[in-house]
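What follows is a short report on a single structure.
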Amino acid sequence: MSRVVRDPYEVLGVPRDASQDEIKAAFRKLAAQHHPDRNAGDAGAQDRFKEINAAYQVLSDPQKRAMFDHFGQGGASAPGSPFGGVPFDFSDFASNIGADGIFGDLLNAFGFGKADHGDLKKEVTVTFEEAAFGCEKEVTYERIDLCDTCRGSGSAPGAPTSACTACNGRGKVRFQQGILPLAVERACSRCRGTGRIAVTPCSACRGDGLVKKSRTILVQIPPGVEHNATHLVSRGGNVVRQSRSPGDLELVIKVSPHPFFRRSGDDVICSVPISFAQATLGSEIEIPTLDGKGKLRVPPGTQPASVLRIRGKGIPRKVVGGRGDQLVEITVEVPVHLSDRARELIEQLSVEMGAEVQPQRRTFLEKLRDLFG
């Protein structure tokens, strides 16, 4: 049995008289909360995110919103709907029938088609430190925009235009599919929804009214942003026609690898090599931190692969405030080239130490005796 599409007002949690600003704010909050990247391991996050996005696509477009309001809560399943009150899922309709030709135009009217809405995607690379503390990033990209010469009309400056004969100057054409007794309007493809045709086309855009432009924007990258996180710039995408608002620009954040650090949640991890003498006797060593050079006390008897913690030197936390920790993995370097004198001293040290002062080796030998009796 087909599913009934949930009321988009209910999905976004807004009243039916909500303003566009209220709808946009609710969408951004829910999209951030249910984004799959922030809900790793939650199989339902992807479906919730899609439902939130679909609801916003309906309510953010005045025509689609008016059509939904006309059908009432429950969409096409509402009484008086041209579908006879039968529960109907537009997404199933799209997947089962397809979105080409006249069916594509019908689906586009409800916001479920495959038409180009002008959305763009671009990668933005930041350093490890920029991702940790946030930054303002200048992003330059190309998008389709209105022609400056003709201001999107497609007509040469000062030249007259004539009414489009395909739509009689309305900018829209109406069609009706026999099996679905619902008249649907779509933008006229000949005049691109303007209702006017250029008599003398603009030389800059060749009558299209649209040209490719380079655009530079400043984007605020929040502290603690993770690799492959996304940032949405509303209406930063392409202009697909003069009468429609630009699409959105989705920025995908790429965090460059760091020569010393790697990340684990809000903690920063780095490996530091020390000598056998430093590990045995203890010492104070210099280490890198996100805040610059730092000092770390290595306690006597530190074993290889030990992890020492420095509180509050990690990534700024997004929710509870404060910062994570820096975890320092200790590696003990074994000398490779020894002088005769150094070799003699180490041999004497080995005899002097014996097994009693080497707890790991002593434990290993005890386990070995138990194993082989």
Side-chain angles (χ1 to χ4, degrees), residues 1-16 18 20-69 71-78 81 83 86-100 103-123 184 225-238 240 244-253 318:
M1 182 177 179
S2 298
R3 306 183 310 273
V4 180
V5 177
R6 274 219 300 157
D7 187 339
Y9 293 101
E10 178 185 342
V11 173
L12 296 185
V14 296
R16 302 188 76 82
Q20 284 298 315
D21 288 339
E22 291 173 328
I23 291 172
K24 183 181 295 185
F27 165 72
R28 288 181 174 176
K29 179 180 179 181
L30 290 173
Q33 180 182 350
H34 297 285
H35 197 285
D37 291 343
R38 291 191 174 183
N39 295 271
D42 186 349
Q46 184 74 21
D47 292 336
R48 293 196 303 272
F49 185 75
K50 288 181 178 179
E51 184 180 46
I52 292 165
N53 188 58
Y56 180 68
Q57 292 298 323
V58 173
L59 298 186
S60 63
D61 187 299
Q63 292 182 343
K64 297 172 188 175
R65 183 179 180 181
M67 183 173 291
F68 185 88
D69 290 342
F71 288 148
Q73 186 172 358
S77 63
S81 163
F83 296 95
V86 179
F88 192 85
D89 185 353
F90 288 112
S91 59
D92 287 343
F93 184 71
S95 61
N96 293 333
I97 299 182
D100 297 322
F103 285 102
D105 292 325
L106 179 60
L107 292 175
N108 290 336
F110 290 101
F112 291 96
K114 296 183 179 179
D116 182 9
H117 296 288
D119 294 339
L120 289 176
K121 180 181 289 188
K122 180 177 176 58
E123 292 185 357
V184 177
V225 67
E226 298 183 19
H227 184 67
N228 283 332
T230 59
H231 177 80
L232 188 68
V233 180
S234 180
R235 300 190 178 185
N238 289 327
V240 295
R244 179 182 291 178
S245 298
D248 294 330
L249 171 64
E250 183 183 22
L251 299 177
V252 181
I253 310 300
K318 299 177 184 177

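Residues satisfying the side chain to side chain contact (heavy atoms under 4.5 Å, CB included) criterion with Pro15, sequence neighbours excluded, are Asp17, Ala18. With sequence neighbours excluded, the residues satisfying salt bridge (charged side-chain N to carboxylate O under 4.0 Å, His left out) with Glu250 are Lys121. Annotation: side chain to side chain donor-acceptor pair (under 3.5 Å) contacts of Asn228 (sequence neighbours excluded): Lys254. Residues that satisfy the side chain to side chain donor-acceptor pair (under 3.5 Å) test with Thr230, not counting sequence neighbours, are His35.
Asp119 places a side-chain N or O within donor-acceptor distance of the main-chain N or O of Asp248, the cut-off being under 3.5 Å. With Asn238 contributing its side chain and Val240 its backbone, the two residues share no donor-acceptor pair below 3.5 Å.
Contact record, Gln57 with Lys64: O-CD, 3.5 Å, taken as the closest heavy-atom pair. Scanning both residues, Val58 and Pro8, for their nearest heavy atoms gives CG1-CG, 4.3 Å.
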Extract all donor-acceptor atom pairs below 3.5 Å that involve side chains of residues 48-56 and protein atoms in other chains or at least two apart in sequence.
{"residue": "Arg48", "atom": "NE", "partner": "His34", "partner atom": "ND1", "Å": "2.9"}
{"residue": "Arg48", "atom": "NH2", "partner": "Asp42", "partner atom": "OD2", "Å": "2.8"}
{"residue": "Glu51", "atom": "OE1", "partner": "Arg6", "partner atom": "NH2", "Å": "3.1"}
{"residue": "Glu51", "atom": "OE2", "partner": "Arg6", "partner atom": "NE", "Å": "3.0"}

Please table the atom pairs, donor to acceptor, closer than 3.5 Å between any side-chain atom in residues 20-33 and protein atoms at least two apart or in another chain.
{"residue": "Gln20", "atom": "NE2", "partner": "Leu59", "partner atom": "O", "Å": "3.0"}
{"residue": "Glu22", "atom": "OE1", "partner": "Ser19", "partner atom": "N", "Å": "2.9"}

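Interatomic distance, CD1 of Ile253 versus NE2 of His231, reported as 7.5 Å (0.5 Å rounding).
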